[in-house]
Structures are given as C-alpha cells and as structure tokens.
Amino acid sequence: MKKLLLAVVLAALALSVFASCGRGDDEVRIHLLGLTDDAIANYTELGTMGNPGQQFGLGVRNAILDIEGIGDVIFEDWGWAETLDSRQRAAIAAGDHPHIVGGEVFMPSYALDDLLLPLPQDIVDRVVETFLIRNPRNEPVAVAIGGTVFMLFYNYDLMAQAGFYAPPTTWDEWQMMSDAITAVGNGEFWGGGVPSFPHAGGALRATPFFRMQGVDFFQNGRLMLDDPRIHSTLQFIRDMNRNLPPGLGDAADEGPLWTAFNNQQIAFGVDGTWRASYLEREGVNWGVTTLPLPAGGVPGNCLVGVTFVGVPRGASDTELSFNIIRAALREDVSVRAIPQGRVSPLRSIHHNERARIAAEGAHMVVAYQIVYEGGFGGLVVFPRNSAEVWDIVNTMVIARTTQSPGTPIETITSEAIARINPLLN
Amino acid sequence: MRSKILSRDKREARIAYLILIPIFLYIAFWNLIPLILGVLLGFAEYNVLRPPEWVGLRNYRHFFASGVYMRLLWRQVWIGGIALGINTALSFAIAMALNNKARGRGFFRTSFYVPAVAAVSVTSAVFVALIDPFGGGLNRFLVSIGRDAIIWNHSQFWMVFWIVVYFVWRSMGPAIFIWLGGLQGIDPSLHEAAKVDGASAFKRLRFITLPGLRFVAAFIILTGIIGAMQMFDIIMFLTAGNPYGRTITLMYQIYRHGAVRFNLGMAGASGTILGIFTLLFAIIYFVYMQRREAKYDA
C-alpha cells in the first residue's frame with residue numbers, strides 16, 4: 001500500500017512538473033487580434049501585405065517587438081467578443097494575469113469591477129477623451145487603439161430610381177425617402193432603416209438615435225425606458241423597419257442584411273466606416289453622410305469597432321504592460337489605422353493628418369469629425385448585472401419593437417422595466 | 001483454512017480496488033468535483049473577476065420569485081417533450097419499416113444515422129440558411145408556388161417547429177438503431193405462432209412487439225428525457241432565443257449566464273434546479289416503468 005501511495009505522489013509531482021514546463025516566466029504573451037504568426041503568414045501567403053488592416057496589425061506587432069528589453073514575445077489568438085472575454089477571465093481567475101487585456105463592449109465591465117490599473121498620464125494626454133474608459137473613481141483605465149462611429153451609407157442609384165439625388169438630413173426626410181424607395185422597389189429593393197438585431201449589433205446601431213433625442217438607456221443613475229423620448233425613438237425604429245427586407249433587420253445573424261445592402265437591394269445602411277470597403281469592392285455607386293437628426297434633436301452617435309486595451313491588476317510587469325500600450329499608440333503605427341477605416345485615438349493625428357484622412361474618402365472625414373467634435377463613447381454600462389440587462393434590452397426591447405409590431409411600445413418597455421429593475425437593485 | 005480463503009478474497013478485492021481507483025479518481029475529478037462546485041456556485045455571487053461572495057439562498061429566491069426562470073423551465077419541458085415524443089414515435093415507426101427485409105435498407109439505415117454524426121454547428125447553419133426569411137431556400141420555394149414568404153424568426157410557433165424538426169432529424173438515427181436492436185431481439189417464433197393462431201398485425205404489435213421492447217423503450221425515453229432537458233445547442237445555433245427571447249429555454253439561459261454574462265451564481269443555482277427537475281422526471285418515469293413491469297409479471 002505504501003508503494004501505491006508513493007506512486008500516486010510521484011505521479012502528481014510529475015504532472016505538476018510537466019504543467020510548469022509549458023510556460024516560461026520571462027515570455028511575454030500578447031493576444032491582441034490579428035497579430036499572431038498565423039495571421040501575418042496568412043496575409044503574406046495571400047499576397048495581401050498591402051492590405052491596410054494587415055499594415056496596421058504588422059505595425060503594432062513590430063512596435064511591440066521594438067520595446068527595449070521585452071525578450072521573447074508570443075502572439076496568441078484568443079478570439080474576440082465572448083470567447084476573448086471568457087479566456088481573459090479564466091486567466092485572471094487562475095492568477096495567470098495577461099500583460100494586457102483587450103476587448104470592446106465588455107471592457108467597461110472590467111473598469112466597473114476595478115480590475116484595471118489607472119493609465120499613466122502620458123498615455124491619457126495623447127488620446128482623445130472619447131477613446132478612454134474610466135473606473136468608478138473616474139480614473140482612465142483603458143484606451144482604444146482605434147475605432148469608428150456610425151454613419152449613413154447610401155446607394156445613389158437606388159435613390160435616383162425614386163427621384164432623390166441628395167441624402168436625407170432629418171428623420172422625417174429619411175422616412176419619406178425610404179418609404180418612397182421601398183414603394184418603387186416593389187419587393188426587389190428597399191429604402192432601408194435602423195437595424196434592431198437582438199444583440200449588441202442592434203444596440204450599437206440603435207443607440208445613436210436615442211442619443212440624438214438627448215436620452216440613453218441609463219442616465220443619471222436611472223433606467224430610462226419609461227422616458228417618452230425612448231418611446232418615440234423606438235416608434236421611429238419600428239416605422240423604419242418596414243423599409244428593410246422582411247425579417248432581416250431583426251435577425252440573429254447580421255450577415256444577410258449587409259449582403260443585401262452590398263448587393264444593392266437596400267438604399268440606406270447605418271454602419272461603421274468598414275462598410276465603405278465592401279461597397280467599393282461590389283462596385284456600388286455609394287455615398288456617406290452623418291446620421292439624420294430628429295426634429296429638435298442633437299447629433300448623437302456611438303463608438304464601435306473599438307479595441308480597448310488596459311493593464312489588469314496583478315500583471316507581473318506593469319511598466320512593460322504600459323509600454324506595450326505605448327507601442328500600439330505610437331504615431332507612426334496609429335497613422336496606419338486611417339486606411340483601415342479606423343479612427344486613430346491620437347490627438348496629434350487628428351491635428352496633423354487631415355490631408356491623409358481626406359484622401360481616404362468622405363467616410364473617414366465624417367468619422368473623424370463625429371469622434372472629435374461629438375465626444376460619443378460606447379454603449380452605457382449598467383451599475384449591476386450589465387451584461388444581463390443589455391441582453392433584456394437587446395431582445396425584449398429593441399428586437400421586440402420590430403418583431404412584434406402589434407405590441408404597444410409602452411407595453412414592451414414596461415415589461416422590460418419589470419424584468420430589469422430587480423437586476424439593478 | 002478459513003483465514004486463507006478470506007485473505008485471498010481480500011487480496012482480490014484489493015486488486016479490484018486498485019484497478020478501479022483510477023476510474024474513480026477520473027470520475028471524481030471530471031464529474032464529481034465540478035458538480036459539487038456547480039452546486040456551491042449557486043450560493044455565491046461570482047463573475048470570475050472578483051472572488052466569489054457567499055449570498056446564501058439569494059440566487060434560488062430570485063429563481064423562484066422572478067417568475068422568468070420557471071417560465072424558461074416550463075418551456076424547456078414542453079419543447080423538449082414535443083421533440084422527445086415525436087422522436088420516439090417516428091424513430092419507432094421507421095425502425096419497424098427498416099426491420100423488414102427490403103432492398104436498399106442498408107442505405108436507408110445509414111442515411112438516417114448520418115445527421116447524428118455531423119456537427120451541430122454545420123448542420124444548423126444549413127437549417128438557418130433554409131429558413132432565412134429573405135432569400136432562404138424555403139421562402140424561395142413558397143414564393144415559387146405562389147404563396148407568401150413567412151418571416152419565420154418573428155413567430156414563436158415556427159421557431160419551435162424548426163427546433164423540433166431539427167432535433168428529430170438529428171436524434172432519430174441513434175434511436176432507430178436502438179429500436180432495431182430491440183426488434184431483432186424478439187423471438188420470431190412468437191410472431192409465427194401468433195400468425196398461426198390468426199392474430200392480426202395490430203394484435204401482434206400490441207401483444208408481442210411492444211411488450212418485447214419495454215426495456216428498450218425505457219432506455220430511449222429515459223436518456224431522451226435527460227437529453228431534452230439539456231437541449232441548448234440547437235436553440236443557440238438555430239434561433240438564438242428569437243423571437244424576442246420566446247424560444248429561450250432554461251438550459252440555454254444557464255449557458256448564457258455561465259459563458260456569456262459570467263453570472264456564475266445564477267448559472268449554478270439554475271443548473272442545480274434543472275438537474276433536480278431532470279432527476280425527478282427520470283425517477284417518476286423509472287417508478288412508472290417498474291410498476292408496469294410488476295403488473296406485467298403478475
């Protein structure tokens with residue numbers, strides 16, 4: 001029996017030795033999207049080294065490798081969205097804190113949970129406020145290395161078929177034009193409206209329209225779903241939905257809607273700067289402008305396509321971690337974000353690269369203008385159970401508005417409030 | 001002499017335990033410990049970023065007080081029940097057909113099994129493409145025969161319909177094979193004797209085939225209950241809860257709590273309650289089968 005016990009102990013020891021061999025303590029592991037060896041090799045194999053996205057990724061990668069004394073760097077692919085979030089949380093829970101953490105819609109939750117270290121002042125000073133996330137003590141703890149905002153893309157040819165030659169500037173005008181294009185299209189093409197996908201893709205696109213009315217889902221410590229401005233915006237989203245191909249505006253999968261837009265079956269699309277490259281590729285006669293405003297409204301928007309980065313408390317070498325962020329924010333690297341259709345967070349680029357921005361096209365001029373002048377952040381964060389509350393807003397409010405057109409808006413919001421309030425208190 | 005026999009028994013028992021210990025350890029490590037941790041999580045608030053905080057019965061109170069979770073549990077039961085009922089009946093009917101010595105039955109047996117080995121993520125993508133309201137294969141077909149297109153994702157009825165269709169399409173193969181195994185285990189002389197006695201096909205089914213399959217039926221239904229109560233991947237890939245959350249079941253909610261929202265406390269509590277209900281359903285069915293068996297023996 002003693003021999004057996006000894007064997008068990010030895011086996012456990014051997015296992016722990018093997019486990020510890022898997023990771024060198026002086027290795028730096030970076031899991032930002034698109035920086036892995038495979039990603040770089042794929043681009044090289046495909047002969048797309050000139051791809052703007054690749055140039056930006058390669059720029060960030062090389063800048064990180066240039067950091068003095070960084071040693072061995074391993075670039076890993078941890079995915080995006082929920083996959084990335086779960087892997088980062090697992091690493092933190094295991095005490096194996098990454099040098100930096102990244103992400104988009106869930107990063108404010110990390111800040112709210114006070115997981116991230118405050119950013120050094122030199123980083124904060126270099127970026128536009130819109131690209132910062134703050135913790136409950138109002139300290140900036142995460143910064144975006146790029147992002148964009150929503151704008152109205154339009155198809156000249158479809159507009160012309162209904163006799164329109166300039167994009168709309170107001171909600172009423174947009175609705176009138178969209179209704180007319182849908183009527184002319186007669187089931188072949190549609191005017192277009194505000195997507196209400198039952199996930200963050202819907203919330204991100206709907207949020208600018210609420211903000212144009214001066215309201216958001218959570219304001220001044222209060223859930224705003226009973227606000228008349230929320231109701232009138234939801235009514236507008238519902239009214240505009242009849243100008244989208246049936247069932248596409250609120251489908252779980254965004255893909256078919258954007259395929260229809262690229263295939264010239266929809267005249268107006270609310271999307272980020274990346275849409276321009278798809279429209280170019282498909283040979284669409286397209287244009288872009290700021291989102292139309294409601295009567296008496298104010299410009300409103302929402303940051304999207306953002307890669308926020310921050311340093312988790314517990315990171316082994318915080319100075320190195322911040323140097324990695326500094327490297328990703330180097331001016332010669334960040335400028336490569338412009339042809340990729342991303343807005344650089346650096347103040348200096350907003351000031352010094354206007355010609356380069358203009359050369360990329362109207363969509364980039366519009367995006368930089370909105371970000372710099374508007375100061376719009378990402379989606380709001382609810383003080384408790386934020387992900388669960390957003391889930392209810394996405395499915396039971398935004399998507400239900402169009403999926404259940406017979407249900408009064410007030411019923412939709414009051415039922416959602418009843419479900420959300422217990423989660424917030 | 002006696003002590004020698006006993007020591008031999010002990011030696012054999014010791015060897016048996018030595019052989020079993022790795023299996024016990026494996027089960028404890030991969031099943032028992034996670035199970036215990038899952039139950040314990042139900043008494044905590046834990047989002048992975050902060051240490052777990054003990055909250056007692058708060059998650060369980062929220063489960064029963066909110067009303068939402070009981071609705072999701074009920075939805076799991078009725079959607080799962082419909083899917084299981086149709087799957088059990090249809091797979092039995094097909095097994096009966098495939099039990100005949102007809103040409104091409106090998107081809108059909110394989111065809112029915114193929115969906116079970118294909119990845120859910122892939123086959124559900126095909127279904128999603130078919131029921132795409134705009135440009136999907138089914139709506140194209142409906143329009144081509146002069147009917148109106150259906151916005152499937154706006155209707156709870158249609159979304160549940162497709163969940164059931166997909167579940168049955170995918171699960172039927174294994175069930176057919178189990179039924180077939182049972183059918184081939186029935187002594188053919190019983191049927192021949194009944195035929196000689198002038199028993200109709202229905203009577204042979206009622207008094208020979210069905211009683212002969214009672215253990216197979218118990219296995220299919222019992223494992224089916226467990227499978228139906230754990231159904232979430234089909235919903236995740238096919239409907240994602242659409243329309244506006246009306247196809248979300250408790251198991252899908254547990255997945256979203258655990259892997260998407262990181263509300264692990266509610267995931268633990270909901271998982272424990274779902275596990276208890278599944279066990280209850282299984283026990284009820286088991287007791288029912290035992291009583292029937294006793295009645296049959298008598």
Side-chain angles (χ1 to χ4, degrees), chain A residues 1 4 8 81-83 85-86 88-90 92-94 106 109-110 112-115 187 190 197-199 244-248 250-253 255-257 259-260 263 265 312-313 385-392 394-405 407 412 418-419 422-423, chain B residues 14 17-18 21-22 25 45-52 61-62 65-68 71 125 128-129 131-136 139 143 148-156 158-159 235-248 253 255-266:
Chain A
M1 203 61 180
L4 176 74
V8 171
E82 284 99 17
T83 314
D85 189 15
S86 58
Q88 287 181 163
R89 283 177 195 249
I92 290 164
F106 57 82
S109 302
Y110 287 14
L112 199 66
D113 273 330
D114 207 14
L115 176 81
W190 286 260
F197 308 121
H199 46 71
L244 286 169
L248 284 205
D250 45 34
D253 181 8
L257 178 76
T259 304
N263 290 342
Q265 290 171 296
R313 293 184 189 281
N385 298 305
S386 192
E388 194 165 353
V389 174
W390 266 119
D391 210 20
I392 295 170
N394 292 337
T395 55
M396 303 295 292
V397 178
I398 298 173
R400 191 180 178 189
T401 294
T402 56
Q403 288 178 338
S404 181
T407 309
I412 290 174
R419 283 190 61 177
L423 296 168
Chain B
R14 201 173 283 179
Y17 281 123
L18 277 176
I21 277 173
L25 285 176
E45 186 176 311
Y46 184 43
N47 70 356
V48 184
L49 299 178
R50 290 177 183 164
R61 273 200 299 271
H62 179 60
S66 75
V68 173
R71 275 203 297 278
V128 169
I131 60 173
D132 178 352
F134 178 72
N139 270 346
V143 171
D148 287 337
I150 298 170
I151 308 175
W152 314 98
N153 58 331
H154 282 192
S155 156
Q156 185 194 35
W158 282 117
M159 285 285 102
I235 291 161
M236 178 171 74
F237 287 121
L238 221 58
T239 74
N242 262 326
Y244 50 93
R246 295 189 72 193
T247 54
I248 295 176
Q253 182 82 333
Y255 159 75
R256 297 204 308 175
H257 272 323
V260 180
R261 302 170 186 155
F262 300 98
N263 184 353
L264 296 180
M266 272 316 294

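The structure displayed is predicted, hence computed values, not measured ones. By convention in this document, chain letters (A, B, ...) are assigned in the order of the sequence lines, proteins followed by strands, and residues within each chain are numbered from 1.
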Chain A heavy atoms under 4.5 Å from B/E45: which part of the residue, side chain, backbone, both or neither? side chain
For B/Y46, is it the side chain, the backbone, both, or neither that has a heavy atom closer than 4.5 Å to a heavy atom of chain A? side chain
I'd like to know which of A/Q88, A/Q403, A/H199 tops the heavy-atom pair count under 4.5 Å against chain B. A/Q403
Considering only heavy atoms, which portion of A/L112 lies under 4.5 Å from any heavy atom of chain B: side chain, backbone, both, or neither? backbone
So for B/N153, is it side chain, backbone, both, or neither that comes closer than 4.5 Å to the heavy atoms of chain A? both
Among the options A/A252, A/A399, A/P246, pick out the one with the most heavy-atom pairs lying under 4.5 Å from chain B. A/P246
Check A/A260 against B/F134 and note the closest heavy-atom contact, atom names and distance. CB-CE2, 4.0 Å
Chain A contact via B/N47 - which portion, at a heavy-atom distance below 4.5 Å: both
Check whether B/R256 gets within reach of chain A through its side chain, its backbone, both or neither, counting any heavy atom under 4.5 Å. side chain
When rounded to the nearest 0.5 angstrom, what is the spacing between OG1 in A/T407 and OH in B/Y244? 5.0 Å
Which one, A/V397, A/L115, A/I392, A/L248, leads in non-hydrogen pairs under 4.5 Å with chain B? A/L248
Closest heavy-atom pair and its distance - B/N242, A/A251: ND2-C, 4.2 Å
Which bit of A/T259 is near chain B, if near means a heavy-atom gap under 4.5 Å: side chain, backbone, both or neither? neither
Counting heavy-atom pairs under 4.5 angstrom with chain B, the leader among A/S404, A/P405, A/P422 is A/S404
State, to 0.1 Å, how close B/V48 and A/A93 come at their nearest heavy-atom pair, and which atoms those are. CG1-CB, 3.4 Å
Option in A/I92, A/D391, A/D85, A/T401 with maximal non-hydrogen atom pairs under 4.5 Å from chain B: A/D391
Given a strict heavy-atom distance threshold of 4.5 Å, which part of A/Y110 is in contact with chain B: side chain, backbone, both, or neither? both
On a heavy-atom basis, the closest approach of A/G247 and B/I151 is CA-CG2, 3.6 Å
With a 3.5 Å distance limit and no angle check, can you tell me whether B/R261 reaches the backbone of A/N385 through a side-chain donor-acceptor pair? no
Interchain contact, B/V68 with chain A, by part (heavy-atom threshold 4.5 Å): side chain
Below 4.5 Å, heavy-atom pairs only: which of A/M396, A/E388, A/Q265, A/R419 has the largest tally toward chain B? A/E388
Side chain, backbone, both or neither of A/D253 within contact of chain B (heavy atoms, under 4.5 Å): neither
